[in-house]
Every structure is written in structure tokens, then in C-alpha cells.
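Scroll down for the structure; my scribbles are underneath it.
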Amino acid sequence: MVMTAFAHPLLRTLPLLLLMTACVGTRKGVDPTVRILSERGNELGVSTQYGIVFLGRHTNAGPVEVEAMFGDGPSIESSVVDPLGGGLYTAETDIRLPAVPLTFQNLEPGQEVLLRGRSDRSSWQTWVKVRQDERVHGILLEVPRQLDGHPDQIGAGVFLKPSSAPYDLRLIGLVSGRIRLETDGKTKTFLTVEGPESLWRLVTHNRKSQPKRKWVYREDVL
């Protein structure tokens with residue numbers, strides 16, 4: 001078994017309390033994917049009802065810019081990295097961003113999830129299947145062609161998408177890296193995911209943040 005330096009295959013038990021976390025409504029037809037821009041590199045993150053979450057692979061402290069997509073195009077907002085613990089980070093913006101709820105649902109092998117990312121200002125999405133290997137305790141996904149040759153897609157969002165509500169995305173994790181597993185002399189590569197075992201930190205961080213900041217409404221953002 002060979003893992004890249006940024007893989008996180010070990011999962012911890014999710015507290016039962018978080019399984020009861022309520023989900024709020026989603027703004028329909030929006031893209032919750034954001035790009036975290038810094039001098040040391042760019043990476044992906046996702047805007048949720050509890051705030052932005054990303055992995056901090058290039059920048060885990062100091063000032064950054066957050067690029068979000070709106071109906072009329074991108075908006076770039078200044079922010080500062082705030083650590084959540086457990087390898088996750090957040091960054092607040094003055095304006096309200098397109099956001100999705102979190103989910104802590106268990107995934108089953110063979111189940112399909114929606115993977116969404118962005119290269120520059122071109123967004124992409126594809127369905128991938130959940131896989132399982134007894135040597136890895138955590139979420140494994142098939143590697144889609146959209147990630148071939150694009151290491152900058154670390155932090156792409158992994159979503160559940162109920163068929164009854166086509167825009168009702170719910171974030172369940174972030175792509176954290178790749179892992180190569182050898183079985184019977186054959187090697188196969190999978191995506192690893194930073195999932196519910198870490199995302200609960202965003203929930204608790206949001207609830208501890210006081211006072212709650214007021215959003216700034218600007219005419220240049222639709």
C-alpha cells in the first residue's frame with residue numbers, strides 16, 4: 001500500500017450527536033465550490049452553511065483571497081485563514097457566498113457520490129463510486145478522468161445529491177489525496193476523502209464564534 005503525502009486514510013468515530021445535525025435549505029442553482037488563492041499556491045474548498053472549509057495544503061495561516069462563483073461571474077474576496085483542527089481550515093468573507101448543507105450520512109460501497117471541482121474559472125462535476133478496502137478505514141473513491149494531470153483539484157467537494165431534488169447538494173467530504181493499493185500483483189489508485197470524521201469541527205467552530213458577523217450586501221454581487 002502506497003500513500004501520497006497528503007492522503008488521510010485513517011478515520012475516527014464520528015460522535016453520535018453530529019449524526020443529528022440539522023440541514024438547512026440550499027440556494028438552488030449555485031456553485032458552492034471556492035478557490036483559496038495565496039502566494040504559495042491555490043486549492044479548492046467548499047462553502048457550507050457553517051462557513052468555508054478547505055484543507056490548507058498550500059496556506060494554513062495568514063491572508064488569502066477567496067474566489068467564489070455567482071450567477072454573473074466570479075467574485076474575489078480578501079480573508080484570513082482560521083484553523084479548525086484536524087487538518088481543516090476556514091476563512092470568512094464579508095459577503096454571503098453560495099452555500100450547501102453538511103451531511104454525516106454513512107456511505108456504502110458501490111454508492112455513487114457527486115464530485116465537483118474547478119480549474120481556473122471552468123467548473124466540472126462527475127459521478128464516482130464509493131469503494132472499500134479492508135486495509136483502509138475511510139472513504140475511498142474511484143479516480144475520474146477530470147483529475148488526470150490536475151493535482152490542483154485537492155479539496156474538491158464530495159456531495160450527496162438526492163434524485164428527488166436535483167439542486168439539493170449536501171457536502172460529505174473533501175478530496176484529500178490519492179492512495180495506491182496492490183492486490184494480487186495489480187495496483188489500483190483511489191481518491192482518499194477527508195469526511196465526516198473531521199467536518200464536525202466546522203460545526204463546532206461556527207457555534208463557538210461570537211459575535212456572529214453581519215453580512216455586507218453589495219450591488220456588484222448577485
Side-chain angles (χ1 to χ4, degrees), residues 18-37 42-56 64-105 113-118 121-125 153-162 164-176 193-196 198-222:
L18 289 176
L19 296 178
M20 303 302 294
T21 301
C23 292
V24 299
T26 306
R27 290 178 60 184
K28 295 184 177 181
V30 300
D31 184 358
T33 303
V34 298
R35 290 206 306 159
I36 308 300
L37 313 177
N42 305 330
E43 66 180 280
L44 299 181
V46 177
S47 175
T48 80
Q49 87 267 39
Y50 296 108
I52 295 170
V53 60
F54 63 101
L55 299 175
V64 293
E65 291 184 324
V66 177
E67 181 190 73
M69 293 297 293
F70 290 85
D72 60 342
S75 176
I76 298 180
E77 308 295 323
S78 297
S79 186
V80 176
V81 175
D82 191 1
L84 300 173
L88 294 180
Y89 298 84
T90 188
E92 291 188 347
T93 58
D94 289 332
I95 62 173
R96 185 189 296 272
L97 304 182
V100 294
L102 296 177
T103 181
F104 300 98
Q105 179 178 325
V113 293
L114 189 67
L115 195 60
R116 300 188 66 167
R118 185 187 303 156
R121 294 179 181 177
S122 177
S123 299
W124 59 267
Q125 67 178 36
Q153 297 302 290
I154 292 300
V158 181
F159 300 89
L160 294 187
K161 186 178 179 183
S164 59
Y167 296 111
D168 189 17
L169 297 176
R170 296 172 187 271
L171 180 70
I172 198 168
L174 303 174
V175 172
S176 60
V193 177
E194 197 76 53
S198 296
L199 288 182
W200 63 268
R201 296 176 183 275
L202 180 63
V203 179
T204 57
H205 176 84
N206 176 273
R207 290 176 176 175
K208 290 178 181 177
S209 296
Q210 295 293 338
K212 298 295 184 183
R213 68 187 303 170
K214 295 183 178 180
W215 299 113
V216 174
Y217 292 92
R218 300 202 314 255
E219 293 183 356
D220 64 322
V221 177
L222 298 180

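The two residues Leu169 and Val100 come nearest to each other via the heavy atoms O-CB, 3.7 Å. Of all non-hydrogen atoms in Leu114 and Gln125, the two that sit nearest each other are CD2-OE1, 4.0 Å. Between Leu202 and Gly51, the closest heavy-atom pair is CD2-O, 3.6 Å. Of all non-hydrogen atoms in Pro196 and Phe104, the two that sit nearest each other are CB-CD2, 3.6 Å. Glu43 and Gly56 get closest at one heavy-atom pair: OE1-N, 3.0 Å. Across every non-hydrogen atom of Ala91 and Ile52, the tightest pair is O-CD1, 3.2 Å.
Between the side chains of Ser75 and Glu77, at least one donor N or O lies within less than 3.5 Å of an accepting N or O.
Put simply, the residue from Leu88, Leu84, Leu174, Leu55 that forms a side-chain contact (heavy atoms from CB on, under 4.5 Å) with Ser198 is Leu88.
Judged by distance alone, the side chain of Gln153 and the main-chain N or O of Arg118 form a donor-acceptor pair under 3.5 Å.
Atoms CZ and CD, on Arg170 and Gln49 in that order, are 9.0 Å from each other to the nearest 0.5 Å. Considering OG1 of Thr90 and CZ of Arg201, their distance stands at 14.0 Å, rounded to 0.5 Å. Annotation: the span from Tyr50 atom OH to Thr204 atom OG1 amounts to 10.5 Å, rounded to 0.5 Å. To the nearest 0.5 Å, the span separating CG on Leu102 from OG1 on Thr48 amounts to 4.5 Å. Taking CG from Asn42 and CD from Glu65, the interatomic distance works out to 9.5 Å, rounded to the nearest 0.5 Å. Interatomic distance, Ser78 OG to Glu92 CD, rounded to the nearest 0.5 Å: 14.0 Å.
Side-chain atoms of Phe70 and Leu97, non-hydrogen and from C-beta on, do get closer than 4.5 Å to each other. Arg116 is listed as a side-chain neighbour of Pro32, based on a closest heavy-atom distance under 4.5 Å. For the pair Phe54 and Val34, the minimum side-chain heavy-atom distance is 4.5 Å or more. Within the 4.5 Å cutoff, the side chain of Val64 has no heavy atoms near those of the Leu37 side chain. Side-chain contact between Ile76 and Val66 is absent, with no heavy atoms from C-beta onward closer than 4.5 Å. Side-chain contact between Leu171 and Val53: present, with at least one pair of heavy atoms (C-beta onward) separated by less than 4.5 Å.
The side-chain hydrogen bond (donor to acceptor under 3.5 Å, both in side chains) check on Thr33 picks up Asp31, with sequence neighbours excluded.
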